[in-house]
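Atoms within a ligand are numbered from 1 in the order they appear, just like the ligands themselves.
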Amino acid sequence: MNTLSAKRLLLVVTGGIAAYKAPDVVRRLRDAGAEVRVVMTPAATAFITPLTLQAVSGHDVREGLFDPAAEAAMGHIELARWCDALVVAPASADFIARLRLGQADDLASAVCLATGAPLLLAPAMNRQMWAHPATQDNLAALRERGVAVVGPGSGSQACGEVGPGRMVEAETIVTAAGALFESGRLAGRRVVITAGPTREAIDPVRFISNHSSGKMGYAVAAAAREAGASVTLVSGPTGLEPPAGVHTVRVESALDMFAAVRAALAGCDIFIATAAVADYRPAQAAAGKIKRDGETRTLELVPNPDILASVAALTPAPFTVGFAAETHDVEAYARAKLERKGIDMIAANLVGEGDVGFNSDDNELLVLWRDGEQRLERAPKTRLARTLVELVAARYAAAR
Ligand code: PMT
C-alpha cells in the first residue's frame, strides 16, 4: 500500500552538494501522493535556489527563522505541527550534530525540535566526516531517540574520494519515508471502526444529525491500516474519500450503522467507535414531506441501540475502544462511560468550544483504561490517530 498518500511532509534541505538531488526527492514524494513543503538552511541555498524547490513543491520555500511575512502565513511552530513527518535530505554532518544537541538557531533545526512528527535523515558527507566517531556517536544518539536514518550509499564522491557518504537515491528516500508510517503493530488483526455522524429521518427531506465530519474516524482507519490491520470502516454520511486500502461501508442512520457493524464483526479483534451516533431517532419517519401549517409540532423520539455497548457485551467480545465527546467534566464523564458500556478503552475529547473536536483538523484526547490513562496533546487528527492506534495496539497486546 502507498502510505504516503495524502501525507504532509516537510523536506529539510541542508548544505551539501547532494542538495542538487532535492528537487527529485520532492517530485517523487509528490508522485507518491504526499503534500510537500520545503525548509532550507542558509548553507543549502549556496547549492540550490529556493526558486527551484518552490517550483517543484508548489509552495513557498522557507529559509529564515525571523521572516515576519513567512511567520504570518505559517509560523515555524505551525509548520512543525502541520507535518506528518520530516525528511532531512541531504542531512549534513553539521546538521546532524546540531540535531543531536537540540539546537534551534535556524528555521530548519527549530522545526525539527518543535515537532512531534517522525524524522528521517538521509546523511550525505565526505567519507572521513561520515566515519568520524563524532558523527557516528551523534547518529547513534539520534537513532536511540527514534530518528530513522536511510543510507548513506557508497561510491565516488563529489570531493574526489571513494567510500561511504553519498546520499541515497530519491526513490530509496521515498520508500524510507513511507516506512515511517508502517509500524506493523496490528499485522494480521481485523479492526472495525465507525466514523462520522448518523442521520435520523424525520421525513424524506429532513433529518436529525450532528456536526461530526468523520475526520477523526477516517484518520483512525488509515492509521490502523498503516499499522498492518485489515480494516472495515462503517461510515455515516461524510464528504471524505475512503482511506486507501480500507473496506468502507457507507450508512445513513444509527440502525443502518448497527446492522453494518454486526455484519462486519466476524473475526474482528478490535472495535473502535469514533462515530457520533444519534442517541435518539424519530419514532416514525413521515412517508411524505411534512407540510408547514403554522401549528406547533412535537417530535416523538425513541432511543437508538447503543452500538458500542452491544459489541462490548458479546461473548467473546473484541477489544473495544469508545470515544467520548463531552462539553465539560471530560474525565469524569468518560470514566463513567468506560464502566457503563463495559469497554476496554475510551478516548475523550472536549467538544463545543475552540477548534478541536467536531469538524476540525486538530484534536486532543485523554485516553483512559481501567488502570491507566494517557493524554495525547493537541495535534492534527492524522497524527493523533497514529499515536492512538499505537496505544490501542499496546493495550490490546497487554489484554490478551
Ligand atoms: O468526526 P469529527 O468531525 O472528526 O469529530 C470527531 C468526534 C468529536 C465525533 C469524535 O472524536 C468523537 O468524540 N466521537 C464520539 C462522539 C460521541 O457520540 O460520543 P458519545 O459520548 O455520545 O458516545 C460514546 C461512545 O458510544 C462513542 O464511541 C460512540 O460512537 C458510541 N455510541 C454512542 C451512541 C450509540 N447509540 N451507539 C454508539 O456506539
For Lys215, take its heavy atoms, then give the atoms of ligand 1 lying under 4.0 Å from any of them.
-> 1 (O), 2 (P), 4 (O)
For atom 38 (C) of ligand 1, which candidate among Asp306, Val261, Asp362 provides the closest heavy atom?
-> Asp306
Write out the residue and atom name of the closest protein heavy atom to atom 37 (N) of ligand 1, then the distance separating them to 0.1 Å.
-> Ile307 N, 3.1 Å
For Arg375, does the CZ atom have more than 12 heavy-atom neighbours from other residues, nucleotides or ligands under 6.0 Å away?
-> no
Considering distance alone, does some N or O of Ala276 sit under 3.5 Å from an N or O of ligand 1?
-> no
Is there any N or O on Thr194 that sits under 3.5 Å from an N or O of ligand 1?
-> no
Interfacing atoms of ligand 1 (cut-off 4.0 Å, heavy-atom, Gly322) = 28 (O)
For Ala325, the ligand 1 atoms whose distance to one of its heavy atoms is below 4.0 Å = 13 (O), 16 (C), 19 (O), 21 (O)
Ala273 heavy atoms within 4.0 Å reach ligand 1 at atoms 27 (C), 28 (O), 30 (O)
After noting the C-alpha distance and the side-chain angles of Thr172 and Thr175, does the key distance pass the side chain to side chain donor-acceptor pair (under 3.5 Å) rule?
-> CA-CA 5 Å; Thr172 310; Thr175 305; over 6 Å; no
His59 NE2: over 12 foreign heavy atoms closer than 6.0 Å = yes
Which residue and heavy atom of the protein sit nearest atom 39 (O) of ligand 1, plus the separation | Leu308 N, 2.9 Å
For Gln284, does the CD atom have more than 12 heavy-atom neighbours from other residues, nucleotides or ligands under 6.0 Å away?
-> no
Which residue and non-hydrogen atom of the protein lie closest to atom 2 (P) of ligand 1, and at what distance in Å?
-> Ser213 OG, 3.3 Å
How does Asp279 reach ligand 1, if at all, at less than 4.0 Å between non-hydrogen atoms: by side chain, backbone, both, or neither?
-> side chain
Heavy-atom proximity to atom 15 (C) of ligand 1 ranks first, among Phe323, Tyr333, Phe358, Phe271, for Phe323
Can you establish whether the number of heavy atoms outside Arg297 located under 6.0 Å from its atom CZ is more than 12?
-> yes
Heteroatom distance test (Val351, ligand 1): nitrogen or oxygen, under 3.5 angstrom = no
State if Lys341 counts as touching ligand 1 under the rule of any non-hydrogen atom under 4.0 Å.
-> yes
With heavy atoms of Thr274 as the reference, note each atom of ligand 1 found under 4.0 Å away.
-> 9 (C), 10 (C), 12 (C), 14 (N), 15 (C)
Is it the case that more than 12 heavy atoms not belonging to Glu339 sit under 6.0 Å from its CD atom?
-> yes
Please work out whether any backbone atom (N, CA, C, O) or any side-chain heavy atom from C-beta onward of Asn349 is under 4.0 Å from ligand 1, and answer side chain, backbone, both or neither.
-> side chain
Is any side-chain N of the basic residue among Asp362 and Arg378 closer than 4.0 Å to the acidic one's carboxylate O?
-> yes
Before accepting this row, confirm whether a basic side-chain N of the pair Lys215/Asp361 lies closer than 4.0 Å to the acidic partner's carboxylate O.
-> yes
Below 4.0 angstrom, N of the basic side chain to O of the carboxylate: do Glu200 and Arg206 qualify?
-> no
Are any of the N or O atoms of Asn304 closer than 3.5 Å to those of ligand 1?
-> no
Would you call Asp344-Arg395 a salt bridge at under 4.0 Å N-O?
-> no
N/O of Lys381 under 3.5 Å from N/O of ligand 1, yes or no?
-> yes
Checking heavy atoms under 4.0 Å, the part of Pro305 that sits near ligand 1 is backbone
Protein heavy-atom partner closest to atom 20 (P) of ligand 1 - residue, atom, separation in Å = Lys337 NZ, 3.6 Å
Hey, is Ala254 one of the residues with a heavy atom under 4.0 angstrom from ligand 1?
-> no
Would you check whether Ala275 reaches within less than 4.0 Å of ligand 1, judged by its heavy atoms?
-> yes
Does a salt bridge link Glu35 with Arg30, judged by any charged N lying under 4.0 Å from a carboxylate O?
-> no
Can Gly214 be said to touch ligand 1, with heavy atoms closer than 4.0 Å?
-> yes
Do Lys7 and Glu226 meet the salt-bridge criterion of a basic N to acidic O distance under 4.0 Å?
-> yes
Between Arg8 and Trp82, is there a donor-acceptor pair closer than 3.5 Å when you use the side chain of the first and the backbone of the second?
-> yes
Against heavy atoms of Met216, which atoms of ligand 1 measure under 4.0 Å?
-> 4 (O), 6 (C), 11 (O)
Hey, are Arg27 and Asp24 close enough for a salt bridge, meaning a charged N less than 4.0 Å from a carboxylate O?
-> yes
